[in-house]
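Worksheet: the structure to be examined is printed underneath.
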Amino acid sequence: MKRRHVSLPRLVRAVVAHWSTERATLRQGVSALTICVTVTLFAGIILGEMDGVLEETPGLLVLVPSAIGMRGAIFGALAARLGTGMLTGQFTTSMRRGSFTAANVEAALLLSLITAVATAALAWAASG
């Protein structure tokens, strides 16, 4: 069996040509990752800034494990939905109300709010 050699410039041109045809896929991937990282970073900053509040009210320490788990579950699901939307062709970079991306981000925010209220009620009952 003969081994086929491809010159490096030819290989580089082939790779560049392939990725230039996949611009939409790259743009969608970067957009989805940006949304997920931004939301997760925002949630982490809020949790990080709660040090003083947690020291003043030790009963809130009950919330920390659930808040961390909730953040991972909700935003992991958001990332999965955005990834599925990319594969099915529904994902757009538009954040207009009613668009696929906006609806999923809105769902993640509402789910965060609802589970935060429910977790707070449970933590209040447990710490009382």
Side-chain angles (χ1 to χ4, degrees):
M1 180 185 241
K2 238 182 185 181
R3 195 167 217 195
R4 187 176 163 190
H5 293 284
V6 178
S7 67
L8 187 60
R10 187 174 179 192
L11 182 63
V12 169
R13 277 194 302 260
V15 169
V16 169
H18 171 73
W19 284 114
S20 66
T21 60
E22 295 294 326
R23 279 190 194 146
T25 304
L26 290 172
R27 192 176 16 232
Q28 289 174 351
V30 169
S31 298
L33 287 173
T34 301
I35 290 168
C36 292
V37 166
T38 302
V39 172
T40 303
L41 182 65
F42 181 68
I45 289 171
I46 289 175
L47 280 176
E49 292 295 321
M50 290 184 66
D51 285 347
V53 175
L54 290 173
E55 288 175 3
E56 292 173 8
T57 50
L60 287 177
L61 287 173
V62 174
L63 284 173
V64 172
S66 64
I68 291 170
M70 179 182 71
R71 184 183 73 171
I74 291 172
F75 297 117
L78 172 64
R81 287 191 303 262
L82 292 178
T84 300
M86 286 171 45
L87 292 173
T88 58
Q90 297 173 320
F91 182 85
T92 61
T93 55
S94 169
M95 288 297 286
R96 283 190 227 137
R97 188 149 175 87
S99 71
F100 175 82
T101 308
N104 280 295
V105 169
E106 183 180 344
L109 291 174
L110 285 173
L111 188 57
S112 294
L113 182 65
I114 291 167
T115 54
V117 169
T119 304
L122 290 171
W124 179 74
S127 65

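Model, not experiment: these values are computed from the prediction. Each residue takes its place number in the sequence, starting with 1.
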Transitive ILVMFWY side-chain link V30 to W19, under 4.5 Å: no
Co-membership, hydrophobic cluster, residues M95 and L82, 4.5 Å side-chain: yes
V37-L26 co-clustered via ILVMFWY side chain contacts under 4.5 Å: no
ILVMFWY network linking I35 to L109, side-chain heavy atoms under 4.5 angstrom: yes
Distance (rounded to the nearest 0.5 Å) between R96 CZ and T101 OG1: 11.0 Å
Taking every non-hydrogen atom, the tightest pair across Q28 and M86: O-SD, 3.6 Å
Closest heavy-atom pair and its distance - F91, F100: CA-CD2, 3.8 Å
Closest heavy-atom pair and its distance - T115, I74: OG1-CD1, 3.5 Å
